[in-house]
Amino acid sequence: MSNVLKIKKGVEQGVNELLKFLLESEKVKGIFTLRKMNENGAVSYSLITHPKELKNAVPLFPLMPVNAGKILSGFTLKKAINEPIAAVLRSCELRAFIELIKRTQGSLENFLLISSTCGGVYPLKSLTDGTFKEQVSQYWESAKNAEIASDIRPTCAACEYFIPQQADMTIAIVGKNDLQQECSIFLNTKKGEEFTIGAPGNIVSEEIDTKETTKLREKRQDQKKKLFDEFEKNGFGIKALVKTFAACLSCHGCSKACPICYCTLCDFDSKTHEYLPSSHEIELEQKGGIRIPPGTIFFHIGRMIHMAVSCVNCGMCSDVCPVNIPVSTIFSKVGDSLQKLFDYLPGKDIEEPVPSGTYKEEEFTEIGE
Amino acid sequence: MNEKIGVYVCECGPNISERIDIDRVLEEISSAEGVKVAKKFGLLCSNDGKNYLADEIKKEELTHLVVAACSPREHEQTFMNVCLEAGLNPYLFQLVNIREQCAWMISDKEEATRMAIKYIYAGISRVTLHKPLLKKELDSIPDVLIIGGGISGIEAALCLAGKDRKVYLVEKTESLGGMVKKFFELLPYQGSNLAVIEEKIEQVQNNENVEILTSSEVEDVRGFLGNFEAVIKSKSNGSETKEIKIGAIIVATGFKLFDPKNIPQYGYGKIENVLDALEFEQMSASGKILLKNGNPPKSVALIHCVGRNEKGYCSKVCCLYSIKFARHLQDKLPGIDVSEFYSDLCLPDKADQDYFEEAKKKGIHFIRADNLELKEKDGKINVEYKVAGGKKDSIAVDMAILAPAMVPSEDTSKLAEILNLPLDETGFFKEVHEMLDPISTPIEGVYVSGCALGPKNIPESIIQSQAASGKILSSLIPGKKIEPEVKVSEIREEFCTGCQTCLSVCFYGAISFDEYKGISVVNEAICRGCGSCVGICPSGAIRSKHFTYPQLYLEVLQALR
Amino acid sequence: MNDEYTPKIIGFLCNWCAYTGADLAGVSRIQITPSLRIIRVMCSGRIDPLFVLKGLLKGADGVMMMGCHPGDCHYQKGNYSARRRYVLLQKLFEDLGFESERIGLWWVSASEGPRYAQVSSEFSEEIKKLGPNPVREEIFI
Amino acid sequence: MKNPNVLVIGSGVAGMEASLILGEAGQKVYLIEKESLIGGQTIKFEEVYPNMECATCMVAPKQQEILQNENIELFLLSEVEQVKGSVGEFKVKIKKKARYVSLVNCIGCGACYEPCPVSLENEFEEGLSKKKAIAVACPGALPNVPAIDPENCLRLNGKKKECQACKEACMFDAINFSEKDEILDLEVGAILIATGFGLLDAKNLPQYGYRKAKNVYTAMEFERLYAANGPTEGKLVLRDGETPKSIAIIHCVGRSEQGYCSGVCCMYSTKFSHFLKHKIPEAKICEFHTDLCIPGKSHQKFYQKILNQGVDFIRFDDIKVEEKNGKMQVIYKNGNGEKDKFIADMIILSPAMIPGGDTESLAKTIGISLDKKGFFSTQSEKLSPVATAVDGIFVAGCAEGPKDIPGSIAQAEAAAGKILSILR
Amino acid sequence: MTATQIDSNKMPTKGAIIPAEEEINKTIVDIFKKSLEKKCFDAILIPVRVPETEAYAWVLLKDQSLLDEANPLPPIISVQGAKALRSLTKRGKMTQNIAAILRPCEIRAAVELSKLKQIHLDNISLISIDCPGAMPLSDYLADPEKSKKIYKNVLEKWGEDDSVRPVCHICNRFSLPSLLHRKSVKISPVEQDEAKMPSIDLHIGLLGGNQEKIFLIPVNPKGREILEKLELKSDDSLDLWQTKVSEVQEKKEKIRKEFNLELKEKIEGQKKLTAVFDECINCHNCMRVCPICYCQQCFFDSDSLTLSPETYISRAEKKGALRFPLDTMLFHLGRMSHMVLSCVSCGVCEDACPMSIPVAQIFSLVADQTQKSFDYTPGINKEEPLPLQDFLEDEFHEVETPSEAMTPEEVN
Amino acid sequence: MKQDFKPNIVGFLCNWCSYAGADLAGSSKLEIKPYLSVIRVMCSSRVNSNLVLNAFLWGADGVLIAGCHPGDCHYEKGNYYVRRRFALLKKILETLDLEPDRLQLSWISASEGKRYAEVVNKFAEDITRLGPSAFHTNPNI
């Protein structure tokens, strides 16, 4: 059981109320959250420092233009912030941020982390093809009923980690019947409680995990299985992969959008993987023909080797792919399996080391003998 | 962050203190991040001030120093020396100019204070990104390669060769002396002094510190000031090549004459007894001034400015030597009729005019004319011309001597390529700065002297050789190391894409391309730190130390406070 | 399948144990499979999974990784990391439907010349059974 | 053992260049300058031909270097009194006049000018502007420290002994009225003379109307007139404030009287046209010349460019300037012997370059000879164009004869080269 | 005349006319099969359909059978051809003779890259083809079958069907030999004419062929040599092709003008432009697929711009809010300033933009203006220097503050 | 136009000419409007488009680049390159109608203290007339 701040307002207004309180009471220097930019529905993350700008804040808006974990990492890369900032971000974004901090790509210090039980987000494409407005009308209803909202990112539909783990406060959405009347904010940490002292609303005690959340988790798990099965049905092995990645432009947009891919200069973009003309010619001699630029499969599997154990299934990679390759499905399938192998859930615990950076002497002992 | 920045504001007597509210400045900036102390002082550039600063650096264990005072052009060096003395790397210091460009320019105290605060903030945030730069010292070779064994090359060799400095004198032909050896007389108004030349050749031949390589050519040169390597190919020894190491190079490859055949109306090569100046020099040197038919000429036309318009410049020396020819002809063949056809007389040396006046008195005709045309007529040469006002006229003479423009010698462009030196529009080597640095080239340590740079008389050629020697003697001292510029450009290898754009804009040839790695490489010994390459590199792979992007970028940010 | 077929196998051997072991096999004149091309690395921990991946995608029929036995690493811990990476790689191959049998990791000490010969010829045999790596004919890879 | 120190007399471009080269080589250099600032004539120019570079920008870094180089000891307001000894061991006496302002204490703020009650003609500005008895020659002068003119300072010349307006204004205690002239003894191994040139006084040639007709300027006056740091801050105006609409530039002023061509006047006159054409595009400009002397590989091109811009070049045989009804006219005979005239608002004279004012006395002091034209003579018959007849004494720049800037610099570098060569 | 206008006197007038028996695509492919047979080339770089998919990839091939699935003019541009060439030759020149069949914008990008030392063109014969444009990647991927049909129509009705991407629709550089670069290069006048020609050897003319024949047009001696080896006479008249090229050109110029006027209206000014780029999510796909953006590491991806959080906070405080990711506008304008003079308006940036921002249209508009002011058309001839690596002493005075701080009038 | 608008102008000055010119303006006690912050660079050619754009997009109301007059560059050719780059940038801003008047390129020599003051004051006036840059307040930039 934990303390819950109840604000008698619809969840969206309620959160805004809280944010306004935090900023106006100068408990925080700024609010990092989604902000509406124009009438087309485009949103972006913004650091809001003036309460008047909060009118455009849409913290729970079901779109993810970028993974906020990546943004916060860049924000605190040089050093930690020295005054408190409240950051509103989704579970997978928070997990990504924590994964990055494990790699010293940022700092949690002085952040007040606000998250929510997540109903998923819509693909960015829905914004550009104009379907978003219609789709989003269903969103809150589905969340309330602990259903999978239709048309959300496939990876969201298959995400079972929608309850954030490391947040100071969690806004309950999934399965909350009274969404439109009441905003429930779970105060998970001492920090969360301290910051809400004096906030509007009253405190009660509740459990975040409910029957409803379990229901959604199960549905999502089913969906995941379905998704993975479908992928496997499409074929396995090198031939299938070639087909899957046939249209790949080698733009590497997936890696740029990926929160976990934090390298300044990606190895696959570096000189290491440039070919001498002579090696092209040798291969041409052997095969009669070669794809140019080469290394499409190598890049994707290589990237997988580098980051799949930390993949948080946010789905950014699929969204930015100009040729609609289901990158996130493949990565979450492989990620899922590798994470199980090392019994590791990315972003769950900031103290837990990244599997590739550690080992146990007594593991996999059958190997190599 | 563990910076301990000290900020010191100089009152500069009343100059700053009366125009800027220093106390407010201090109050404002003392809370800036990383600032450990912020203080003011009466006059920091005074001895007291310098001692005070040095003490402060030590006492406060400062890691960075910001001084807000006058222009860096005034006292940057002064305070850098203070840092050195106090054991702080001088590049961890920033001088903020709040006098010239702030106190003295803005009369409103409030505004001046506001600007001063901005500037100091910029200095503080910039200085935190400063890197300690270290002076580099490179060994250098004092030896010198001189290309060209004419009067220029010989003079330079004599000036430079010494116990501790060897000179390689490379000459393409079989013997030293160059053009001047073909003359019958050197300086017109001082009598025949060819002996001086012979004496110099002998001196250089007897100098054990000069290695003379005749019938040789430079094939390849690599390196930079103090450390060049050159490959010399000798034609006489069965095309043997020799590699030498030198610290500096002087190019003294001289000139040749414009070929008058290019201008048919002078009839050169077609009409008998039309000579060019060099042919006449040699004829005179032989002592026999004769026409093709074996008779001495009775009348001679001297024609100036042959090729001047075509080449687009005046060769300066032709007027004087043509007068020399005229007087020589009068001396040797008394009674001869000599006419000089000129466009403008160019006699800029202080003694030239007298020499000319004397010639005029001796009855030499000076005719300002244009549109000259030489035609064969009755076994004589008919010179047709126009005088001012457009009147046509003509005279018939036995012999005509053309004074063609001086043009670059054959190998100039080839050598320019080997040495990576620029040529100017006229095809001569181009000096790095026509006014200020007339014998240097963009490649530090490579000098050009004499007519390889353009038309010149003998004393001027000698002066240039001595000048090049002077530059070398002062910059390449045996046993002393050379200290290249510290604030140079550097390449971040992994980010360089090898587009070579930086090469194209580097005036000094400081950047080369590493074919193997596929990246550009800065030679820090050559780079002067202008940052042109940084300005054009799209990826930011090249950056200039002490003026890096983030440093400037923080200044911009503070400017927008 | 052609009887003549000799697979191309790349072996990444750590300098201190496996490579010495291989040398020992040579000195002892033990017959080694001719399919194996050895690449020496200082430690099995240096074997970048990308090496392995690249080898396979460029047409190697098999890749062997060999290092010191656990606890014997010349650099104390390198082989533990290698083991994790190998496990990761193998799992990944399985997930993607690659023939994960084409890679293998063995601990071979400096004195284990015969073991070296044995594991390599066994692996070679297995690869032979698998046949040539299908990647070799793949143009659009 | 030869004394490695060098005495350089004159701090124009030649003197500076030689000092810097010698200084860089590690030689101790005593640089003597009779004025209160360094830089010589070049710093008076706004721009230089043929590339129209800004002279100040070119020279300022060198001036800074002179002031900062540890090997160069600068003596301003100083002259050579006596030279004894021979190569490797010259003994020199220098007279250093009092400046009355401390080079160490003064920071160049200029607070002292304002209160000074004396107003004088500024010689540096060719008399085109005024200055105070305590002043720097021009804005940007280096060192940026004023000097007091003792002849005109009311306190020092005794007219108003109690005046100390400047001292009161100075916050740095930089002014010291009790400073005295000093005699200094120096020992050097070699001496370089780089005392530069003067211009023939156009007053001596009455036909040009200088100082009679109102708007006749000498070349040097014109240089200052259009200099951005000059008396009008670069504004091109006549004495009455009008902008000139027709300008005559007369070359070869004094050429036949002096018996030589100065070699640079044609080019700098053309440069004036370039500038005038640029500033006052509609102005009519006429250059009067005799033989055009434009050697140098890029000079003819420059001349051609100006010619194409519509500047008239007229070859004259005979020329004079007259003022009639307030209008100045140039009356001349052209190359064909025809008489003609040109009405001009402004006339610029390009007078011959002559030896610097104290050349003769310096030659006597040092004990070396002058040539027929009054310049220092070199051993040109021995092909030693920078060496004088006395071993160890060299000459560079216009002290040796009329020269352009690169010619002076080359000679200075050559002299430095010879000095380094003999002193090693 | 500007480089984009057609000077029919300078266009090649003779070539070989090949009748197309079935599809023109097959005719072209057959020629290339023959060229491999006749050893005109050792290998060919051409787009090939990936088996069992609708995707196209660049393949360098020797094996003739691979040509069966080749298509020199697929309905889409997947990887920009210049990028493929760069991948092939960035580290040095090929030793074998390669024919590369690319669209005009791809060739031009390749020529620009060769100036930037990213492509070694030695031993590579660039073969261009009249290009009707390509379809938007997203349209094609949504329904390949339908798209193929549409594209057929595009090929038949040059310039009329606007199912192609906007930048293709307004492209006026669709036939390379019609472009000549204006500036003389530093070689002898005898070679001048040839040097002004685009840096291609051979051109495949489709215009004027009515889907019944194609024109093989040699641009230089090497091109003629190739035709000789193919046993083709190159003395057929190209009148048909020329006329059609001029006609389409005229049409396109008009469309382009109107289009750009409209576009300007939409994006011009601070507010509008900011709004256009508001939706940018900073994925940098546009830069990554851009053939001209050749940097190993984009400046805007590097650490040069990372600052401490305080600076961001203070920036936010000035405005009340600050958008993240930061500096997207800086990225677009900065990238523009880096590459726009070499921009060939190939449109791949727009294709790759997940937010459907009209990047290519904007860049193409700016490229038009900037290239005009530098009198530069990118990618025509490899000898022509890149504008920013070159200068004239006397130019662009209009951008300087007049050196007269005071005019004579003011003085008076 | 508001009375209290104090524009923020960033000026990149080359060390050898323009910075010296600015110093001269100061030592000549010429009055300038206190809106320009000077950033010293060794050569005007060091100023790349990113620096200018940075300043501009981050809210500078005006950006001035000043260098030696053409032909006077201390590094011989730098200012010719910067002029080209500047012409490009100006054209881009012009095409997109992004207030190109907020950028200025001036040649100011070491002796032109007066000119420096005039240029800066005139520019400040122009910018004041233009009013604050909208980038300054746009939270999306």
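The shown structure was predicted, so the numbers you read here are calculated from the model rather than taken from an experiment. Just so we're on the same page: letters track the sequence lines, and every chain starts at 1.
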Minimum side-chain heavy-atom gap C/Ile141-A/Thr296 below 4.5 Å: no
Chain A interface, residue from C/Leu50, C/Leu89, C/Val135 that has the most non-hydrogen pairs under 4.5 Å: C/Leu50
C/Leu88 side chain reached by A/Phe342 side chain, heavy atoms, under 4.5 Å: yes
Nearest heavy atoms of C/Glu138 and A/Lys287, plus distance in Å: O-NZ, 2.8 Å
Straight-line distance of A/Ile238 CD1 to C/Glu137 CD, nearest 0.5 Å: 12.5 Å
Which atom of C/Tyr80 lies closest to which atom of A/Lys360, heavy atoms considered: CD2-O, 4.4 Å
Side chain, backbone, both or neither of C/Glu94 within contact of chain A (heavy atoms, under 4.5 Å): backbone
Contacting moiety of C/Arg84, where chain A heavy atoms sit under 4.5 Å: both
Heavy-atom check, side chain of C/Phe98 versus side chain of A/Ile301, under 4.5 Å: yes
Which atom of A/Leu341 lies closest to which atom of C/Lys91, heavy atoms considered: CD2-CB, 3.8 Å
Within-4.5 Å side-chain heavy-atom neighbours: A/Gln286 and C/Arg136: no
Flag side-chain contact, heavy atom, 4.5 Å: A/Ser356 against C/Arg85: no
Over-ring placement of C/Lys54 relative to A/Phe298, 6.0 Å and 45° cut-offs: yes
pair C/Leu96-A/Met304: side-chain heavy atoms closer than 4.5 Å: yes
Any side-chain heavy-atom pair of A/Glu362 and C/Pro70 under 4.5 Å: no
Partner chain A: residue of C/Leu57, C/Asp48, C/Asn79, C/Val87 with the largest heavy-atom pair count (under 4.5 Å): C/Val87
C/Pro49 versus chain A, the contacting section by heavy-atom distance below 4.5 Å: both
Nearest heavy-atom neighbours spanning A/Gly302 and C/Leu53: N-CD2, 3.6 Å
Close side-chain approach of C/Arg83 and A/Glu363, heavy atoms under 4.5 Å: yes
